Amino acid sequence: WANLMSAPLFPNLQDTDANFTLYNGPSFKNWGLKGPKYFSFDDTDDHGRTVDTMVPTANDTPLTLEAWAMTVDTGSGWQTVLGIHNTWTQIGFLNGYFKPGRNGGGGNTWVGQFSISANVWYHMALTMDSAKIGTAYLDGVQVGQATVGTGTGSNGRFNLASYNGTGSEVLDGNIGA
């Protein structure tokens, strides 16, 4: 991330370590001269992803997904914020809800769904332990815990604002940087 923060954004920008690429020109913004920085995604095909073997995704590997994010449209279906390819482990928005968990591989197993509003920043997180217990947090408060399914695949990549890293189920909103 640090390399992306200091670089101008162009379509298909790669960081200087060549580990992360942004596709189709999400814009890079901030609030005021010294305000927080964020990426704005257009609900068309803007997205980002790491290299394919960047993320250890064995099904019993403990992990945490977290992000500051907002959606500008609570009625446009599934919007991925952050996910791991090949495991279907993700956090995102679905029709006015924060929805963390796994949506494939071992079945649609979600920690829950938690009401959100459009145009509001949320800190969202999903932790998973080796027993596949997922714990969801919204703005620092634990909002749910459940056993989640088994993903498939043994390696993967992080996808930002896209379910599969190719521009599907994209975010119409912002992700903090």
Side-chain angles (χ1 to χ4, degrees), residues 1-2 4-9 11 13 20-50 55 63-85 87-104 108-128 133-146 148 157-177:
W1 286 112
L4 287 173
M5 297 304 104
S6 62
L9 286 185
L13 171 76
F20 188 83
T21 305
L22 290 171
Y23 296 91
N24 304 315
S27 54
F28 185 62
K29 300 180 178 185
N30 69 328
W31 291 292
L33 294 175
K34 295 185 178 183
K37 298 175 181 175
Y38 63 96
F39 293 102
S40 182
F41 298 88
D42 68 6
D43 188 34
T44 303
D45 59 1
D46 294 352
H47 65 282
R49 68 179 185 214
T50 63
V55 183
L63 63 88
T64 298
L65 297 178
E66 71 171 307
W68 279 96
M70 79 157 58
T71 179
V72 298
D73 181 359
T74 57
S76 64
W78 180 256
Q79 299 179 57
T80 302
V81 172
L82 181 63
I84 302 176
H85 188 70
T87 69
W88 296 284
T89 305
Q90 56 191 326
I91 54 177
F93 300 113
L94 177 63
N95 298 327
Y97 294 94
F98 160 54
K99 197 156 182 166
R102 285 194 168 131
N103 74 338
N108 294 331
T109 53
W110 300 100
V111 173
Q113 59 182 24
F114 311 97
S115 184
I116 55 101
S117 299
N119 299 307
V120 175
W121 281 100
Y122 293 97
H123 181 254
M124 55 180 61
L126 170 66
T127 64
M128 292 179 50
I133 303 296
T135 305
Y137 298 88
L138 192 59
D139 290 335
V141 176
Q142 181 178 331
V143 292
Q145 187 172 60
V148 295
R157 64 178 176 251
F158 282 117
N159 295 318
L160 185 67
S162 169
Y163 164 69
N164 59 6
T166 62
S168 64
E169 299 180 357
V170 293
L171 177 65
D172 188 6
N174 305 314
I175 298 175

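Keep in mind that this is a model prediction, so the values were computed, not measured.
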Trainee: Could you grab the distance from atom CD1 of Ile91 to atom CD of Glu66, nearest 0.5 Å is fine?
Mentor: 8.0 Å
Trainee: Output the distance between atom CG (Leu171) and atom OG (Ser162), rounded to the nearest 0.5 Å.
Mentor: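 Nearest 0.5 Å value for the CG-OG distance: 10.5 Å.
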Trainee: Please name all residues satisfying side-chain contact (heavy atoms from CB on, under 4.5 Å) with Leu94, sequence neighbours left out, ordered by chain then number.
Mentor: Trp78, Lys99
Trainee: Identify, with sequence neighbours excluded, every residue that meets side-chain hydrogen bond (donor to acceptor under 3.5 Å, both in side chains) alongside Thr71.
Mentor: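 Listed in chain order: Gln79.
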Trainee: Which residues pass the side-chain hydrogen bond (donor to acceptor under 3.5 Å, both in side chains) test with Thr74, sequence neighbours left out?
Mentor: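 For Thr74 there are no side-chain hydrogen bond (donor to acceptor under 3.5 Å, both in side chains) partners, ignoring immediate neighbours.
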Trainee: Given side chains that start at C-beta, do those of Asp73 and Phe93 come closer than 4.5 Å, heavy atoms only?
Mentor: no
Trainee: Search all heavy atoms of Asp42 against all heavy atoms of Asp45 and return the closest pair with its distance.
Mentor: OD1-N, 3.5 Å
Trainee: With ring-ring contact (aromatic ring centres under 6.0 Å, His included) as the test, pick out the partner of His47 among Phe39, Phe158, Phe41, Tyr23.
Mentor: Tyr23
Trainee: List in chain and number order the residues that pass side-chain contact (heavy atoms from CB on, under 4.5 Å) with Val111, two or more places apart in sequence or in another chain; answer none if no residue qualifies.
Mentor: Pro100, Leu126, Ala136, Val148
Trainee: Please list all pairs passing the side-chain hydrogen bond (donor to acceptor under 3.5 Å, both in side chains) test where one or both residues lie in residues 134-143, with sequence neighbours left out.
Mentor: Thr135-Gln145
Trainee: Just jot down the side-chain contact (heavy atoms from CB on, under 4.5 Å) partners of Asn119, sequence neighbours excluded, or say none.
Mentor: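 By the side-chain contact (heavy atoms from CB on, under 4.5 Å) rule, Asn119 matches Met70, Val72.
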Trainee: In chain order, what residues pass the side-chain hydrogen bond (donor to acceptor under 3.5 Å, both in side chains) check against Asp172, with sequence neighbours excluded?
Mentor: none
Trainee: Starting at OG1 of Thr80, measure out to CD of Gln90 and round the result to the nearest 0.5 Å.
Mentor: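 One finds 4.5 Å between OG1 of Thr80 and CD of Gln90.
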Trainee: Could I get the full list of side-chain contact (heavy atoms from CB on, under 4.5 Å) partners for Ser115, not counting sequence neighbours?
Mentor: Tyr97
Trainee: Please report the interatomic distance CD1(Ile175) to CG(Leu160), rounded to the nearest 0.5 Å.
Mentor: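 Between Ile175 CD1 and Leu160 CG, I get 4.0 Å after rounding to 0.5 Å.
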Trainee: How about Ser117 and Tyr122: do any of their side-chain heavy atoms sit closer than 4.5 Å?
Mentor: yes
Trainee: Could you measure the distance from the CE atom of Met124 to the CG atom of Leu65? Nearest 0.5 Å is fine.
Mentor: 11.0 Å
Trainee: To the nearest 0.5 Å, how far apart are CZ in Phe114 and CG in Leu138?
Mentor: 8.0 Å
